[in-house]
Structure formats: structure tokens, C-alpha cells
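A short write-up of the structure that comes next.
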Protein chains: 2
Amino acid sequence: MKKEDRLRESKAIVNELLVDIFNRILAIEGENLKSRGVKLSMSEIHVLEAITKVKEPTMTNIAKKLGITVGSLTVSVNTLYQKGFVSRERDVEDRRKVVVGVLPKAEEVLEKHNDFHNEMINSIFNDLKIEEDELLISSLKKLSSYFINSF
Amino acid sequence: MKKEDRLRESKAIVNELLVDIFNRILAIEGENLKSRGVKLSMSEIHVLEAITKVKEPTMTNIAKKLGITVGSLTVSVNTLYQKGFVSRERDVEDRRKVVVGVLPKAEEVLEKHNDFHNEMINSIFNDLKIEEDELLISSLKKLSSYFINSF
DNA sequence: TAAAATATATTTGAAATTCAAAGTATTTGA
DNA sequence: TCAAATACTTTGAATTTCAAATATATTTTA
């Protein structure tokens, strides 16, 4: 195969990976959670995840992490609070801020979600036998940081 | 670094790539289209793309490609038809089927969308200098087919 | 310090997306 | 032929999200 053709093919594969495949992951995750008896939607799961990942979990910081408006987040946190998944209190230092936290009920769900991710990743690694591929890993690391920093 | 730690790190990176990053691609694409004066939503773009990609573009085939119900697709095609982006006609062989096609107005939009994808991919390849990395490409190819076939 | 500007969050009304269920028309096959 | 299967549309409801308006608290500035 010619060099240009290889390059073109490579680009097509990365493009496919980034677009076609990733579109399905949400649905796959959602179905998995439903099968494990979790009643929350994926977007609610994402809110819970973001709360645990962000350093100072105020409404603004969580919304930024999620890429949604603070208004949208308020709507979502309202129902999560109602259902008993999150705590919510004013910051004592700066009373404009609301600090959100996940309650045990949420941790249970997040654990299930995390289990699924681990299974998925392990299955990929086993099937593809890529654990020893240093070059792949370092390239993926670059690819990952590229997305984090570029947009 | 120990072997187990390297493995753990590798898995974390793939997980991050599959989860954190893909969540943003839709929004990134949407913003880009808006900046190019395109009035359609990403979900409408996906419908148009699916129409061009599927072999026999009937409602059922297009919906299957998209992973949505035929009812949802009908709603979307209704507005795309109204706005003059797609054609719509009964199959002469089997009059239950509706064959959908993209009109010039849609091709224009798809071209812009495609331009963006190419720019994104080219910029990744240039920055990372990975075009010669055969191993990466073959692994990504496996990763890609893994997702296509496993779910 | 008091007023103005800024920052944080909530509420509300509307739009978009999607689904499930019910309904219509056409084709298939027993 | 006619009952079942297939292809599609319509409808009503749920979810998600946003923008704009509103409310408070804090910081800046005049």
C-alpha cells in the first residue's frame, strides 16, 4: 500500500473512532445501568460523576466540568436532591456558592457504573492484547491531552 | 514504574479517552457548524449523514443506522423535508417503504461538516506526528472494530 | 462607605429530542 | 383470500437543555 493511502486510511480510522463509536457509548452505558436496576439516566450519572471529580464542587464548577449552563444544572440537581442522591449547602466562606456532595445512595450507583467501565476496559485490553504496547499508550495519552487542551 | 502500574495507567487513559473526551465532541462539532452559518442541529446533521451512508435509505434502515426508533426519525425527517434538505418518496417496488434522499442544500452542509472533521483529524496527526506509527494505527483499527462488533 | 459592578445560583417558559403506543397502508404467506 | 407481518406516521409524554429574568451575596470603585 502507498504511503499516502496508509495515511488516509489511518485518518479515516481515527475519525471513525472519534465519531461513530463514541456516539454509541452513552446508549451502551445506559442499557447496562438499567440492567443493573439503576433508575437514573446517563445525564444524571454524569452529574454525579462530575460532583466527585471536580475539586470544589460548587454549581458553577460542576456545570463547567459538564459543559452545560448553571441553570440546567440547577434543574438536574433539584431532582437528584429530591430523590436523595445529593446533599446541598451554602458555602460558609462565600454564601453565594452552593456546595454539592454525593450521598451513599449515589455512591452505590457510581460504583456500579465504575464496574461497567472497568469490565469494558479489561475486556478491550484482554481481547486486543495491548497491555505491553508502550507506543500505543503514549500516543493515546497524547491524543487524550490534545482534546483536553485544544477545546 | 512497575508493570502493574503501567497497565493501570494505560487502562485509565483509554477509559478517559472513551468517556471524558467523546462527551465533548458533539458540542465541539455543533459550535463549529454554527460558526459556519449552519442552522441545523447536530442530530439533524447525523440524520443527513446516515441517509448518505446507508445502502438503501428507507426509514427503517436509516433509523437502525442511527440507533433511534423509526417514529423519532419520522419526526426529524418531517422538519428536514419542510426545510428543504431532504427528498422523500414511496418505493415503487414496495409501497410501504419510504426512500429518503439528501438535496443540494444538505450536501452543502455535509461538506462543511466534513471539512471540519478533516481539519480536526489533520491537526491531531500533525501535532502528534503519528502518521508513521503503524502499531498505533493497527491497534486503533482493532479498537474500532471491537466496538463495532461487540455491542 | 455607599453605589455600582460582578459573581453565584434559581426559576421559568420554550425548544429539541426521543420514546412508546396506537393507527394506517401495503405486502406476504399459509 | 385473509390474517399476520412489515413499514411508516401520528400523538402525547418525558427528558434535557437553554436563555432570560430574578434574587442574593460579594467585590470594586468613586
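Just so it is clear, the model here is predicted, and its values are computed rather than measured.
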Atom pair distance, as rounded to whole Å: CG in B:N78 and C1' in C:dA16
14 Å
Between atom CE in B:M59 and atom P in D:dA7, what is the gap in whole Å?
13 Å
For A:K97, salt bridge (Lys or Arg N to Asp or Glu O under 4.0 Å) partners two or more places apart:
A:E56
Sorted by chain and residue number, the side-chain contact (heavy atoms from CB on, under 4.5 Å) partners of B:N114 (sequence neighbours excluded) come out as B:N118
Need one value for A:T60: base, sugar-phosphate or nothing, where a base atom within 4.0 Å counts as base even if backbone is also close, heavy atoms only.
sugar-phosphate
Find the partner of D:dA21: check Watson-Crick (N1-N3 plus N6-O4 or O6-N4) and G-U wobble (N1-O2, O6-N3) distances, both under 3.5 Å, and reply none if neither fits.
C:dT10
B:K112 and B:D115 ion-paired at < 4.0 Å:
no
Joint hydrophobic cluster, A:V99 plus A:V54, side-chain heavy atoms closer than 4.5 Å:
no
Atom pair distance, as rounded to whole Å: CD1 in A:I62 and C1' in C:dT10:
15 Å
Main-chain N/O of A:E49 paired with A:K65 side-chain donor or acceptor, under 3.5 Å:
no
Walk along nucleotides 11-26 of chain D from 5' to 3' and tag each nucleotide B, S or - by protein heavy-atom contact under 4.0 Å, base first, then sugar-phosphate.
-----SBBS-----BS
Verify same cluster id: B:L110, B:L103 (apolar side-chain graph, 4.5 Å):
no
